[in-house]
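Below you'll find the structure, written out as structure tokens, and then a few comments.
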Amino acid sequence: METKFGKGCHLHLIDGSAFIFRAYHALPPLTRKSDGLPVGAVSGFVNMLQRYVDGNNGADAATHVAVIFDKGSHTFRNDMYDLYKANREAMPEDLRPQIPLTRVATKAFNIACEEMEGFEADDIIATLAHQARDAGGRVTIVSSDKDLMQLVGDGVEMLDPMKNKRIDSDGVVEKFGVGPNRVVDVQALAGDSVDNVPGAPGIGIKTAALLINEYGDLESLLDRAGEIKQPKRRETLIEHRAQIELSKKLVQLDCDMTLDFGLDDLEVRDPDPEVLLGFLGEMEFRTVTKRIAEKLGVEAPVIEAPAPVATDLATPAQVGFDANAYECVRDAAALQVWINRIRERGYVAVDTETTGLNEMIADLVGISLCVEAGQACYIPLTHKSASSDDLFGSDDLAECQMDFAECLAMLKPVLEDPAVLKIGQNMKYDAKIFARLDITVAPIDDTMLMSYAMNAGLHNHGMDTLSERYLGHTPIPIKPLLGSGKSAITFDRVPVDDAVKYAAEDADITLRLWQQFKPQLHVNHVTTVYETMERPLVPVLAQMERNGIKVDRDTLSRMSNAFAQKMAGLEAEIQEMAGRPFNVGSPKQLGEILFDEMGLEMPDGKKPSTGKTGAYSTGADVLEDLATLHDMPRRILDWRQLSKLKSTYTDALQEHINKETGRVHTSYSIAGANTGRLASTDPNLQNIPVRSEEGRRIREAFVAEPGKVIVSLDYSQIELRILAHVAGIDALKQAFLDGIDIHAMTASEMFDVPLDEMTPDVRRQAKAINFGVIYGISGFGLARNLRIPRSEAQGFIDRYFERFPGIRNYMDDTIAFAKEHSYVQTLFGRKINTPEINAKGPQAGFAKRAAINAPIQGTAADVIRRAMIRMPAAIAGLPAKMLLQVHDELIFEVNEEAADDLITAAREVMENASDPAVKLDVKLAVDAGQGANWAEAH
DNA sequence: ACGCTCACG
DNA sequence: GACGTACGTGAGCGTA
């Protein structure tokens with residue numbers, strides 16, 4: 001039969017499998033409303049096809065087009081090499097049933113749809129491309145698969161559909177360092193980990209291109225391999241010749257297949273509206289059906305079922321942000337309309353505006369609500385009126401604001417309604433504001449915590465970051481509204497018109513983020529993490545923060561005075577020794593005094609080290625070394641300790657005592673630390689001194705009310721216990737079971753010293769090693785920590801791994817997992833992303849150690865989170881309050897007579913916190929103490 | 001704003 | 001073979 005395809009014709013070949021996988025991963029797991037059939041990938045596939053069709057016009061438009069699919073997983077390449085594509089992940093269960101539907105979709109668009117048993121889509125594409133080229137036509141391969149680059153040239157180009165970037169011969173050279181005709185040679189050498197093509201070990205694309213360019217082609221290279229100068233390279237090529245030749249066969253596409261159709265069968269045809277819309281209707285794709293119907297100029301068929309929540313989530317509205325579209329709610333009637341909409345929906349995004357960042361002090365200024373992307377309102381409540389003649393503004397309320405009490409009375413039932421989900425970004429803040437107004441917000445979702453569950457380690461989870469990353473929208477900055485420095489104003493002085501735009505947008509953003517994140521939790525397998533370890537912590541922490549802890553101002557004040565006196569004495573001595581006055585608190589000046597003016601030298605003979613700024617380093621370790629030569633460094637160390645205690649603790653803590661409660665209220669960041677730990681800020685109550693005697697006395701200022709006591713319960717060696725479990729170290733497990741001193745046991749094993757002959761120093765070294773292991777030990781790090789030669793430290797580590805080989809296996813396995821997945825996991829499924837794990841350079845070292853540490857630190861963090869979440873119910877009957885968390889410790893305040901009962905109840909919860917999700921091989925032990933203050937309780 | 005130093009687990 | 005190194009945080013100060 002005569003072929004009409006020829007000069008002037010333009011064939012587009014679409015890589016169907018690439019479309020499918022892209023669609024699958026880009027979209028949430030949508031299901032068809034009527035029967036739950038998974039259709040997310042089909043929906044994405046249809047959208048991509050539609051976008052392709054829309055873009056296919058103008059001079060460059062295709063005259064012929066086909067979508068090419070893979071058929072089956074076994075191809076002739078598997079017969080050559082049974083490991084071909086062997087490390088591909090299995091197809092996800094919910095994608096499998098969608099595969100045939102993508103064929104139906106293609107045909108519904110009236111586009112040719114081709115596949116062939118035993119061949120990959122790439123082979124069909126290769127064959128068609130050659131046929132079309134030989135017939136004098138042009139070809140565009142719509143794919144970004146680098147395996148197809150060998151086909152480029154002579155009128156054949158590729159088009160990356162996502163980047164909308166054309167790739168011609170030059171593009172191929174850019175990617176592979178050689179022209180299209182030599183791409184297979186480079187691939188044969190470099191191999192491909194994705195397809196499991198072995199290639200030559202140790203040779204990547206760069207080296208491969210270099211070799212091919214030098215020797216012309218692969219065959220010449222292999223024949224003349226003996227001439228290669230680099231011995232390693234030469235041997236590799238000679239030794240792995242057969243493997244390289246096999247690799248070439250694997251990557252070489254078959255461009256000479258016998259096809260049961262011709263180019264003329266691929267002519268572009270208009271779709272039959274009835275068929276296409278029929279298919280889309282069957283899939284229940286409402287939005288795209290409507291759009292395509294409009295395009296085709298026919299009426300859209302009616303698709304049953306109203307818009308339920310799931311469908312809203314499925315197709316996040318593609319509405320732009322319009323700050324002018326937000327409503328300002330000024331009276332009860334307007335608010336009632338919003339409340340009706342909220343009740344109809346069953347969910348609402350909420351945001352509060354207040355006079356400050358400290359939610360224990362800040363007052364509510366206004367509330368924003370959003371029920372649908374782009375549809376948000378702001379309810380100003382206590383904005384002050386602007387008055388032009390008064391620089392400080394008036395204290396009169398601005399006009400046309402809803403009555404504060406009336407508004408709260410109307411919203412309270414909604415905010416507390418179990419049937420209405422309240423969505424927020426960092427809900428703990430808003431919940432605390434509302435709690436002070438006697439409104440208990442529940443149930444909630446929190447977009448910050450959703451992001452944290454999915455993306456810990458990738459970026460922070462503030463609204464600005466999330467909006468920019470996931471919505472492509474930069475929120476209105478608050479700075480211009482409030483100003484900065486001395487002239488800064490509070491939000492109640494922001495003009496209402498400006499406030500509406502800013503505040504309502506926050507609720508709008510939050511709702512859109514929620515629409516995007518909610519279905520993604522499942523995809524990322526972190527729904528359980530979010531629902532059991534993130535979200536439920538919000539009310540628990542909110543309550544703890546509101547409880548606060550009583551801090552005795554007089555105690556702190558007396559200590560501050562004592563510190564000041566001692567510091568003054570030390571300062572005089574120091575300056576006397578220096579020979580001139582200088583700022584003892586300035587590391588820069590101190591360095592110059594020590595090393596330049598006094599001429600001290602490091603005892604190890606090395607040059608004094610410097611920081612990034614070039615100033616001498618004067619850290620405690622340096623001064624400790626110098627203290628062997630001179631009396632001044634010791635004085636500096638003492639002065640620094642006092643200075644730290646005074647400025648960071650005894651002075652600063654007084655400023656944090658709340659005027660109304662007389663207590664200090666910290667704030668915990670739930671999504672701050674990548675590992676799952678909490679972080680305490682404003683003030684940080686997780687780093688109150690304890691290690692030094694002088695510092696520990698600061699804890700005496702943290703007191704119980706009269707008639708009450710402070711109770712402290714802390715997990716004993718929780719991280720080492722978790723290590724024993726995850727690494728499966730029997731000796732460690734047994735030691736914990738027997739209640740043996742774990743560091744002494746380690747020392748005994750490593751240094752062959754019987755337990756009863758253990759010296760404190762040997763034990764100290766073993767302890768350092770135990771902790772080093774948790775941190776991703778290195779000879780250098782241990783050497784520095786123990787102040788021993790590096791070789792000796794390395795010897796200890798070698799001995800440790802020899803004695804506990806399971807630890808090394810755990811480390812190796814963890815790093816291998818991180819390298820493959822770019823994340824690690826805790827025992828409870830928390831994910832910690834490790835994006836730098838495959839980087840080169842020093843970042844990789846950091847990433848490795850972080851990856852080793854994260855599952856251990858993170859599992860411990862998960863355990864105490866679980867305990868905290870269960871704690872309120874467990875102590876509900878007791879006159880006790882949970883006040884603080886310090887990573888492995890919980891602090892309570894309880895009526896004196898109930899202290900023992902509290903310890904019993906809280907210990908029970910803490911020791912069993914991993915149940916039933918994880919069965920630990922090692923029992924968790926909890927130590928408890930009580931007293932009039934934190935120092936006594938610890 | 002950033003680096004240094006140091007407090008905690 | 002060299003490189004840089006203990007893990008995770010927050011706050012206050014000096015310096016730019």
Side-chain angles (χ1 to χ4, degrees), chain A residues 456-457 582-591 609-623 636-637 639-653 655-656 666-669 672-692 694-696 698-699 714-720 723 768-786 790 793-794 797 811 824 832 834 840-858 860-861 864 884-889 938:
Chain A
F582 72 102
N583 185 348
V584 182
S586 160
K588 184 164 172 279
Q589 293 179 34
L590 174 65
S609 61
T610 55
K612 285 185 191 173
T613 53
Y616 292 118
S617 169
T618 66
D621 48 351
V622 173
L623 296 182
I636 304 275
L637 285 166
W639 183 91
R640 281 213 183 137
Q641 190 196 12
L642 296 172
S643 164
K644 180 78 174 182
L645 295 178
K646 181 169 186 292
S647 68
T648 309
Y649 300 104
T650 55
D651 285 353
L653 273 174
E655 304 300 311
H656 281 284
T666 184
S667 177
Y668 290 100
S669 334
N674 291 335
T675 53
R677 274 196 179 179
L678 303 179
S680 160
T681 63
D682 310 303
N684 181 354
L685 295 186
Q686 290 181 322
N687 71 345
I688 302 302
V690 70
R691 292 175 189 169
S692 76
E694 291 212 277
R696 186 157 51 234
I698 291 173
R699 296 189 173 213
D714 69 288
Y715 284 105
S716 165
Q717 308 285 12
I718 185 168
E719 293 193 353
L720 280 174
L723 176 71
I769 295 167
N770 273 335
F771 280 109
V773 163
I774 292 175
Y775 298 150
I777 199 161
S778 76
F780 182 92
L782 185 66
R784 197 170 61 176
N785 189 282
L786 285 177
R790 194 172 159 173
Q794 192 56 55
I797 293 170
M811 290 182 163
V824 291
I832 298 112
T834 57
K840 294 196 208 152
Q843 316 100 292
F846 282 106
K848 272 189 194 175
R849 293 190 294 272
I852 289 169
N853 176 258
I856 301 170
Q857 186 180 117
I864 198 165
L884 301 176
Q885 186 249 43
V886 191
H887 307 309
D888 62 358
E889 175 186 15
H938 191 78

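All figures in this text were calculated on a predicted structure; none of them were measured in a lab.
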Taking C-beta and beyond as the side chain, do A:His656 and A:Leu685 meet within less than 4.5 Å on heavy atoms? no
Mapping A:Gly779 and A:Gly585 to their closest nucleotides on DNA chain C, which lands nearer the 5' end? A:Gly779
Sugar-phosphate, base or nothing in reach of A:Ser778, heavy atoms under 4.0 Å: base
Quickly work out the A:Lys646 NZ to C:dA11 P distance and round it to whole Å. 19 Å
Quick one: A:Asn785 CG to C:dC7 C1', roughly how many Å, whole number? 12 Å
In whole angstroms, how far is the P atom of C:dT15 from the OH atom of A:Tyr616? 16 Å
Taking side chain to side chain contact (heavy atoms under 4.5 Å, CB included) as the criterion, tell me which of A:Thr648, A:Leu653, A:Val886 meets it with A:Ile688. A:Leu653
What are the two closest heavy atoms between A:Met811 and A:Gly776, and how far apart are they? CE-CA, 4.4 Å
If you check the A:Thr675 side chain, which of C:dA6, B:dC4, C:dG8 turns out closest? C:dG8
Phosphate OP1/OP2 of C:dC7: any A:Arg849 side-chain N/O under 4.0 Å: yes
Just call it for A:Asp682: base, sugar-phosphate, or nothing, with non-hydrogen atoms closer than 4.0 Å on any strand. sugar-phosphate
Between A:Ala768 and A:Ser680, which has a closest nucleotide on DNA chain C that is more 5'? A:Ala768
Side-chain touch A:Tyr775/A:Ile856, heavy atoms, less than 4.5 angstrom: no
Evaluate the side chain to side chain contact (heavy atoms under 4.5 Å, CB included) criterion for residues A:Arg640 and A:Leu590: first the C-alpha distance (whole Å), next the side-chain angles of each, then the deciding distance (0.1 Å), finally the verdict. CA-CA 12 Å; A:Arg640 281 213 183 137; A:Leu590 174 65; 3.4 Å; yes
With sugar-phosphate meaning primed atoms plus P, OP1 and OP2, does A:Arg696 contact a base, only sugar-phosphate, or nothing at under 4.0 Å between heavy atoms? nothing
In whole angstrom, what separates A:Ile856's CD1 from C:dG8's P? 12 Å
Taking C-beta and beyond as the side chain, do A:Gln686 and A:Thr666 meet within less than 4.5 Å on heavy atoms? no
Donor-acceptor check, side chain of A:Thr610 to backbone of A:Thr613, threshold 3.5 angstrom: yes or no? no
Protein-nucleotide distance (A:Asn770, atom CG; C:dC7, atom C1'), rounded to Å: 15 Å
Of the nucleotides C:dG12, C:dA6, C:dG10, which one has an atom closest to the side chain of A:Phe780? C:dA6
Counting the atoms with a prime plus P, OP1 and OP2 as sugar-phosphate, which does A:Gly611 contact under 4.0 Å by heavy atoms, base, sugar-phosphate, or nothing? sugar-phosphate
Given that both distances must come in under 3.5 Å, which nucleotide forms a Watson-Crick or G-U wobble pair with B:dA1? C:dT15
Using whole Å, report how far CD1 of A:Ile636 lies from C1' of B:dC4. 15 Å
A:Lys612 NZ to C:dT15 P, straight-line distance once rounded to whole Å: 19 Å
Measuring only between side-chain heavy atoms, which start at C-beta, is A:Ile774 closer than 4.5 Å to A:Asn853? yes
Give A:Phe846 one of three labels, base, sugar-phosphate or nothing, depending on what nucleic acid heavy atoms sit under 4.0 Å from its own. sugar-phosphate
Without decimals, in angstroms, what is the distance between A:Glu655 CD and C:dG10 P? 21 Å
C:dG4 and B:dC4, which share atom name P, separated by this distance in whole Å: 16 Å
If I pick the C1' atom on B:dC8 and the same atom on C:dC3, what distance separates them, to the nearest angstrom? 31 Å
Nearest-nucleotide pick for A:Ser647, side chain only, options being C:dT5, C:dG10, C:dC13: C:dC13
C:dA6 pairs with, by Watson-Crick or G-U criteria that keep both distances under 3.5 Å: none
For the side chain of A:Ser669, starting at C-beta, report the closest nucleotide among C:dG10, C:dA11, C:dT15. C:dG10
When the C1' atoms of B:dC6 and C:dA2 are compared, how many Å lie between them, rounded to an integer? 32 Å
Give me the distances for all protein-to-nucleotides 6-9 of chain B N/O pairs that come in under 3.5 Å?
| residue | atom | partner | partner atom | Å |
| --- | --- | --- | --- | --- |
| B:dC6 | OP1 | A:Arg640 | NH1 | 2.9 |
| B:dC6 | OP2 | A:Ala620 | N | 2.7 |
| B:dC6 | O2 | A:Lys644 | NZ | 2.7 |
| B:dA7 | N3 | A:Asn687 | ND2 | 3.0 |
| B:dC8 | OP1 | A:Val690 | N | 2.6 |
| B:dC8 | OP1 | A:Arg691 | N | 2.6 |
| B:dG9 | O3' | A:Asp888 | OD1 | 2.8 |
| B:dG9 | O3' | A:Asp888 | OD2 | 3.0 |
| B:dG9 | N7 | A:Arg691 | NH2 | 2.9 |
| B:dG9 | N2 | A:Arg677 | NH1 | 3.2 |
| B:dG9 | N2 | A:Arg677 | NH2 | 3.4 |
| B:dG9 | N2 | A:Gln857 | NE2 | 3.4 |
| B:dG9 | N3 | A:Arg677 | NH1 | 3.0 |
| B:dG9 | N3 | A:Arg677 | NH2 | 3.1 |

Below 4.0 angstrom from OP1 or OP2 of C:dG8, is there any side-chain N or O of A:Asn674? no
For the student: nearest non-hydrogen atoms of A:Ile636 and A:Val584, plus distance: CD1-CG1, 4.1 Å
Answer with base, sugar-phosphate or nothing: what part of the nucleic acid does A:Ile774 contact at a heavy-atom distance below 4.0 Å? nothing
